[in-house]
> 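Dropping a structure here in structure tokens format, bear with me for questions.
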Amino acid sequence: MKLKKRLIALVCVLMMLLSLAACGGEPTPPPDPLETARENLQTVNNVQAEAKMDMTMTVNGETVDTKTSMDIRYFLEPLHMMIGMDMSAAGENMAMNMYYEQREDGIEIYVEDAENWYYGGKIAMEDADTLEAYGYNPEELMGDYTYTADGTEEVDGVTLYKYTCELTGEAMQEAMNSSGAMSSMGDTGMSEEDMEEMLKSLDGTSIKVSVWISEANMLPVRYEMDMTEVMNALMTKIVEVSVQSAGVSADELGIEMSVSKVVATVRFFNYNNAEDFEVPADIVEYFKSEE
């Protein structure tokens, strides 16, 4: 049972990392209105987002639904970000807020759960771009992928231009490696060799991506990814690695896992008008006194 829960948790981590890594890349000249949106993103200093990730998986014949929601507020100058996360999986719930704030000598990390505050350490500014969170710039939000126009939709009286693309497993490997996303998996018990093998399992898979651009402000307002195929490939590799680590056969391990749905949706709003935040001064002072 402990191994089963650990595998489910690992899959949830991977699901979030995949969605973050897929939102990166340097802009290239696309046709309008995609080009206009990318140009407008270069003037964005802050933005809010609501992300929802739903996954349905089967573990030994039992259906497990995982739902993750995130409230994200991102500011470039000065650099600071808040991620409020709520996740339910396998009958367990987890909620926390993570804060990243730039100081003179680095980025301070604070974590808040239902009961306590924790100090997550400091990241030197020269290392900040190795993190998926701080390797991001608003202008890179849609990546440099080849999008295809897919018509328009009317939502709340506003015309949205829809574009789609298919991100290959090979491109995902490159995105996750370049973003530093895999460094976030250091506490999952997997070796670097295991993680490299896991990424290689993405060969031949793809993620279907859709983005909607508002005619009102020519900025992306919605982003959706179907990661089912990719997660199934990762799931197979995770079980394989677990079998090898345990030194038993697959039958002896007794874990069969498959994924029937993994969909991530992100809504962007409050461009250059995001709701600001700060870690309470008494919390900052308390952890300073503990150094």
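Only a predicted model underlies this, so the values are computations on that prediction, with no experimental measurement involved. Reckoned from all heavy atoms, side chains included, excluding hydrogens, waters and symmetry mates.
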> Would E229 and T205 count as having a side-chain donor-acceptor pair, cut-off 3.5 Å?
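On atom types as modelled, these side chains do not qualify, holding no pair under 3.5 Å.
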> Between atom CE of M70 and atom CG of D86, what is the distance when rounded to the nearest 0.5 Å?
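Those atoms lie 11.0 Å apart.
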> Does E39 have any side chain to side chain donor-acceptor pair (under 3.5 Å) partners at least two apart in sequence or in another chain, and if so, which?
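Side chain to side chain donor-acceptor pair (under 3.5 Å) list for E39, sorted by chain: empty.
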> Look up atom CD1 in I213 and atom OG1 in T152, then write down how far apart they are to the nearest 0.5 Å.
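Atom-to-atom, I213:CD1 and T152:OG1 are 12.5 Å apart.
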> What are the two closest non-hydrogen atoms of T66 and A89, and how far apart are they?
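Scanning both residues, the minimum pair turns out to be OG1-CB, 3.5 Å.
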> Who passes ring-ring contact (aromatic ring centres under 6.0 Å, His included) against Y110, sequence neighbours left out?
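If we apply the ring-ring contact (aromatic ring centres under 6.0 Å, His included) test to Y110, skipping adjacent residues, the hits are Y119.
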> Who pairs with W117 by side chain to side chain donor-acceptor pair (under 3.5 Å), at least two apart in sequence or on another chain?
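With sequence neighbours excluded, W117 shows a side chain to side chain donor-acceptor pair (under 3.5 Å) to no residue whatsoever.
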> Would you compute the distance between atom OG1 of T148 and atom NZ of K162 and round it to the nearest 0.5 angstrom?
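Output value for this atom pair is 11.5 Å.
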> Could you give all pairs that pass the salt bridge (charged side-chain N to carboxylate O under 4.0 Å, His left out) test and reach residues 270-280, with sequence neighbours left out?
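Qualifying pairs, neighbours excluded: R73-E275.
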> V266 and A49: which non-hydrogen atoms are nearest, and at how many Å?
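Smallest interatomic distance, heavy atoms only, reads CG1-CB, 3.9 Å.
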> With a 4.5 Å cut-off on side-chain heavy-atom distances among I, L, V, M, F, W and Y, is there a chain of contacts connecting Y286 to Y99?
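Per the 4.5 Å side-chain linkage, Y286 and Y99 are co-clustered.
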> Between CG of D71 and CD of E50, what distance do you get to the nearest 0.5 Å?
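The CD atom of E50 is 6.5 Å from CG of D71, to the nearest 0.5 Å.
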> Please report the shortest heavy-atom distance between E166 and S206, naming the atom on each side.
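Residues E166 and S206, closest heavy atoms: OE2-OG, 2.8 Å.
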> With a 4.5 Å heavy-atom cut-off, do M94 and M96 have their side chains touching?
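In contact.
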> Between N217 and N40, is there a side-chain heavy-atom distance shorter than 4.5 Å?
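No - every pair of side-chain heavy atoms lies 4.5 Å or more apart.
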> G84 and N97: which non-hydrogen atoms are nearest, and at how many Å?
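G84 and N97 have their closest heavy atoms at CA-OD1, 3.1 Å.
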> Does the side chain of L34 reach to within under 4.5 Å of the side chain of R38, using non-hydrogen atoms?
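When only atoms from C-beta onward are counted, R38 and L34 do touch, with a gap below 4.5 Å.
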> Are side-chain heavy atoms of R222 and F268 found at a separation under 4.5 Å?
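Of all side-chain heavy-atom pairs linking F268 with R222, none is under 4.5 Å.
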> Ignoring hydrogens and angles, tell me if any N or O in the side chain of E101 forms a donor-acceptor pair with the backbone of V279 under 3.5 Å.
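Looks like yes, one N/O pair under 3.5 Å.
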> Return yes if some donor-acceptor pair links the side-chain N/O of T56 with the main-chain N/O of S260 below 3.5 Å, else return no.
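Pair absent, no side-chain N/O of T56 close to backbone of S260.
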> Is there a chain of hydrophobic side chains (I, L, V, M, F, W, Y, each step under 4.5 Å between heavy atoms) that links V44 to W212?
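No; W212 is not reachable from V44 via cluster members.
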> Quick one: do K208 and D226 make a salt bridge, cutoff under 4.0 Å?
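Salt bridge: no.
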> Cluster question for you: counting only ILVMFWY and a side-chain heavy-atom cut-off of under 4.5 Å, with indirect links fine, are Y74 and V221 together?
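No, no single cluster joins them.
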> Parallel, tilted or perpendicular: which describes the rings of H80 and F75, with under 30° parallel and over 60° perpendicular?
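Ring orientation, 0 to 90° scale: parallel.
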> With a 4.5 Å cut-off on side-chain heavy atoms, are L219 and L41 touching?
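Side-chain contact under 4.5 Å: yes.
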> Any chance you could lay out the side chain to side chain donor-acceptor pair (under 3.5 Å) test for E154 and T159, step after step, and finish with the verdict?
CA-CA 5 Å; E154 199 82 11; T159 299; 3.1 Å; yes
> Report yes if some heavy atom in the side chain of V284 is under 4.5 Å from a heavy atom in the side chain of D282; otherwise report no.
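No; the side chains remain at least 4.5 Å from each other.
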> Which atom names give the shortest non-hydrogen contact between N273 and N46, and what distance separates them?
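Closest pair (atom of N273, atom of N46, distance): N-OD1, 3.0 Å.
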> Restricting to side chain to side chain donor-acceptor pair (under 3.5 Å), what partner residues turn up for E115, sequence neighbours left out?
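So E115 forms no side chain to side chain donor-acceptor pair (under 3.5 Å) with any residue.
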> For the side chain of Y271 and the backbone of P220, is there at least one donor-acceptor N/O pair under 3.5 Å apart?
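Checking the backbone N and O of P220 against the side chain of Y271, a donor-acceptor pair under 3.5 Å is found.
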> Suppose we screen for salt bridge (Lys or Arg N to Asp or Glu O under 4.0 Å). Which residues come up paired with K67, at least two apart in sequence or across chains?
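K67 satisfies salt bridge (Lys or Arg N to Asp or Glu O under 4.0 Å) with D54 only.
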> Heavy atoms only: give me the nearest T228-K261 pair and the separation to one decimal.
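So the two residues come closest at OG1-CA, 3.6 Å.
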> Can you see whether Y161 engages D150 through a side-chain donor-acceptor pair at a distance of less than 3.5 angstrom?
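Short answer, no.
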> Check whether any side-chain heavy atom of Y163 sits under 4.5 Å from a side-chain heavy atom of P33, and report yes or no.
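In short, these two side chains touch, coming nearer than 4.5 Å.
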> Go through the steps to decide whether V263 and E224 satisfy the test side-chain contact (heavy atoms from CB on, under 4.5 Å), and finish with yes or no.
CA-CA 7 Å; V263 176; E224 185 174 291; 4.2 Å; yes
> Could you tell me if the side chain of M81 sits less than 4.5 Å from the side chain of I83, heavy atoms only?
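A side-chain contact under 4.5 Å exists here.
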> Can you name the one residue among R103, Q102, K288 that meets side chain to side chain contact (heavy atoms under 4.5 Å, CB included) with E108?
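Exactly one candidate clears the test, R103.
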> From F269 CZ over to Q48 CD, what is the distance, rounded to the nearest 0.5 angstrom?
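Output value for this atom pair is 4.5 Å.
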> Could you state the interatomic distance from OG1 (T164) to OH (Y147), rounded to the nearest 0.5 Å?
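The OH atom of Y147 is 9.5 Å from OG1 of T164, to the nearest 0.5 Å.
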